[in-house]
Amino acid sequence: MNIPRTDLPRVVIIGGGFAGMALARKILKEEMQMVMLDRHNYHTFQPLLYQVSTSGLEPDSIAYPLRKITRSSNKCFFRLAEVNSISAEKNTVHTSIGDLIYDYLVIATGSKTNFFGNESIEKHGMWMKTVPQALNIRSLILENLEQATITEDPEKRKALLNFVLAGAGPTGVELSGAIAELRNHIVPKDYPDLNPDEMNIHLLEGLDRVLPPMSEHASEKAHKMLEELGVKIHLNTMVKNYDGHLVETNTDLAIKTETFIWSAGVTGSPVKGLNASALIEKANRYEVNAFNQVNGYENIFAIGDIALMKTQEFPKGHPMVAQPAIQQGKHLAKNIKHLIRGEKLEPFEYFDKGTMATVGRNRAVVDLHKWKFSGFFAWFVWMFVHLWFLVGFRNRTVTFFNWIYNYINFDKAARLIIRPFKGHEEKMSMDKEKV
Ligand SMILES: Cc1cc2nc3c(=O)[nH]c(=O)nc-3n(C[C@H](O)[C@H](O)[C@H](O)COP(=O)(O)OP(=O)(O)OC[C@H]3O[C@@H](n4cnc5c(N)ncnc54)[C@H](O)[C@@H]3O)c2cc1C
C-alpha cells in the first residue's frame, strides 16, 4: 500500500462518510499516523442525493474529494480500496489493494439498502445510497419521459409515466416531492407533447403515516403538502413484488410502472472477520460500548450507522442519521488521543439536534426538541442547515446559487442523460456494495 511504518501509532479508518470524516479531521494534526480507506475517493453528502436523482444538482456539488482532507498532513494517507475482511488477531485489514496493519481500527462503513430479503425488488427496483445510483435514477426518469413522448400505446405510456416509490421516510417523501415538482414545472416546458396529468407519482408506505420517524405533527403536514403537490399516498401498503413492470402489494393495489424506487430502509454494512458476538445480527450493526469500542475488542471501534450503542434513551441504538455519526466521529477523536496518552476514556453522549424533511420547493417540516414547525420558514431552516453541513466551500457556493436559480426560474439545472441507464443487469454488477 506504500505507507511507511513509523514509530507513531497507526489509526486506520474504514469509510470516509460523515463519521469517518469527522474523526479524521480531528486527528489530522495529532501525533499519530492516520490511514483512511474508502471504496470511493469522495465523501457523499447523502441527504442531498435525491436532488441529484431529480436533476436539481450535479453530483459534484454533493461529493467531496477525500484526499483534500488527508493532504494537509504528511502523517495522513488516503487509499482507494475496498476492505474485504479484518483479521483482529493479527491487527490486519485485508483490502482490494493489499493488507494493512493497524494499532487502532475504526469501522465507519455506514449502512446499505435493506431489501428485507425480497429478491425481486433488489433485482428490478432502483435505490439510492451512492452518487452512481442517484445518477441511474436521474437517467431512468429522463429516459422514461423521452420514451413516453414517442410511445403511442396508451397502456405503455401510462407505465412509463407512473413513478412508484416504496417507503415514506424522509428519503421517499423528499424524492416523491421532487419528482412531483419535476412534473409540475419542468415536464410542461420540456415535454410539450406529454400531458403532465398522465404522469402519476405514487408513494407507498407500510405504516399508517408518512415520515414515521418524525412527530405526528410533521407527518400530518407532510402528508398534506405531498397531496397538494399531487403525490398519491397509499398508507398501510407493503410492496410484495416488482417484476420490472408491475408493482404488487399486500392490498388490491397493483401499479404498472417502469420506475420503481425502493426507499424503505437500511441495514448496517459490516466487514467480515470479527467474532459473531460483535455483531447484532438483526440490525447488522456492531454492538459498541459507551466509548465506541466494538464488543470484545479493545483497539477496534465502530462509529456512525454501523455502530449500535444501547443507551437508556436509545435502547435500540441511535438513529441511523448524520448527527450521531458526526458526533461519534468527533468524540472518538478525543478518546483515541486519551488512549495514546494512557488517559481515561470519556463516554459518548448524543445531543439530539432534531430532524427535518423538505417537501417540494418551499415547504418543509422540522421537529426540534420543544418546537415543531412547518411551511416556508421550515424550508428556509432546512436549506440553511443543509448548506451549513455540506462539505466544502465550493460545494456550498455552487449549491446555493443553483437553488437560487432553480427557485427564481422554476427550473432544474441538471436534467442531462450523461450516462444512460443500461438496465438492471448493469446496475447489479456496478453496485458491488449492493447498497
Ligand atoms: C438518500 C439518503 C438520504 C438521507 N438523508 C438524511 C438526512 O436528511 N438527514 C440525516 O441526518 N441523515 C440522512 N441520511 C442518513 C445519513 O446519510 C447517514 O446516517 C450517514 O451517512 C451515516 O454516516 P456514516 O459515516 O456512518 O456512513 P456513510 O456516510 O454511509 O459512509 C460510509 C463510507 O464507508 C465506505 N465503505 C463502506 N464499506 C466499505 C468497505 N468495505 N470498504 C471501503 N469503504 C467502505 C463508503 O464508501 C462510505 O464512504 C440519508 C441517507 C440516505 C441514503
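FYI, side chains are in, hydrogens and waters are out, and symmetry mates aren't considered; it's all heavy atoms of this structure. As the structure lists them, so they are numbered: ligands from 1, and atoms in each ligand from 1.
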Interfacing atoms of ligand 1 (cut-off 4.0 Å, heavy-atom, [X]):
X: His40; value: 47 (O)
X: Met320; value: 15 (C), 19 (O)
X: Ala19; value: 25 (O)
X: Met128; value: 1 (C), 53 (C)
X: Gly304; value: 26 (O)
X: Ala81; value: 42 (N), 43 (C)
X: Gly15; value: 33 (C), 34 (O), 35 (C)
X: Thr171; value: 1 (C), 2 (C), 3 (C)

Under 4.0 Å, counting heavy atoms only: does [X] come that close to any atom of ligand 1?
X: Ala134; answer: no
X: Pro170; answer: no
X: Ile306; answer: no

Next on the checklist: Using the rule given for side chain to side chain donor-acceptor pair (under 3.5 Å), can you reason through Asp99 versus Thr92, listing the C-alpha separation, both sets of side-chain angles and the distance that settles it, and then say yes or no?
Outcome noted: CA-CA 7 Å; Asp99 294 350; Thr92 301; over 6 Å; no

Item to check | Test item: Leu235 and Ile233 side chains (from C-beta on) under 4.5 Å apart, heavy atoms | outcome: yes

Item to check | Within the 6.0 Å centroid threshold, strictly below: Phe373 and Trp371 | outcome: yes

To which protein heavy atom is [atom] closest, and what is the distance rounded to 0.1 Å?
atom: atom 26 (O) of ligand 1; value: Asp305 N, 2.9 Å
atom: atom 21 (O) of ligand 1; value: Phe18 CD1, 3.1 Å
atom: atom 27 (O) of ligand 1; value: Gly110 CA, 3.2 Å
atom: atom 47 (O) of ligand 1; value: Asp38 OD1, 2.7 Å
atom: atom 31 (O) of ligand 1; value: Gly17 CA, 3.1 Å
atom: atom 10 (C) of ligand 1; value: Ala322 N, 3.6 Å
atom: atom 13 (C) of ligand 1; value: Pro47 CG, 3.9 Å
atom: atom 32 (C) of ligand 1; value: Ala108 O, 3.4 Å

Item to check | Ring geometry between His386 and Phe45 (parallel below 30°, tilted from 30 to 60°, perpendicular above 60°) | outcome: perpendicular

Item to check | Parallel, tilted or perpendicular, as decided by the 30° and 60° cut-offs, for the rings of Phe314 and His318 | outcome: tilted

Checklist entry - So between Gln328, Arg39, Arg285, Gln46, whose heavy atom ends up nearest atom 30 (O) of ligand 1? => result Gln46

Next on the checklist: Any nitrogen or oxygen of Val321 lying under 3.5 Å from a nitrogen or oxygen in ligand 1? Just yes or no.
Outcome noted: yes

Next on the checklist: Does any N or O of ligand 1 fall below 3.5 Å from an N or O anywhere on Thr44, backbone included?
Outcome noted: no

So, [X] and [Y], do they make that salt bridge, N to O below 4.0 Å?
X: Arg394; Y: Asp60; value: yes
X: Lys232; Y: Glu227; value: no
X: Arg138; Y: Glu58; value: yes
X: Lys370; Y: Asp352; value: no

Within 6.0 Å of [atom1] in [X], more than 12 heavy atoms from elsewhere:
X: Phe380; atom1: CZ; value: no
X: Tyr407; atom1: OH; value: yes
X: Lys337; atom1: NZ; value: yes
X: Glu248; atom1: CD; value: yes

Checklist entry - Please walk me through it: do Ser120 and Asn118 pass side chain to side chain donor-acceptor pair (under 3.5 Å)? => result CA-CA 6 Å; Ser120 74; Asn118 190 318; 2.8 Å; yes

Checklist outcome for this item: At under 4.0 Å between heavy atoms, what of Val83 touches ligand 1? The answer is both

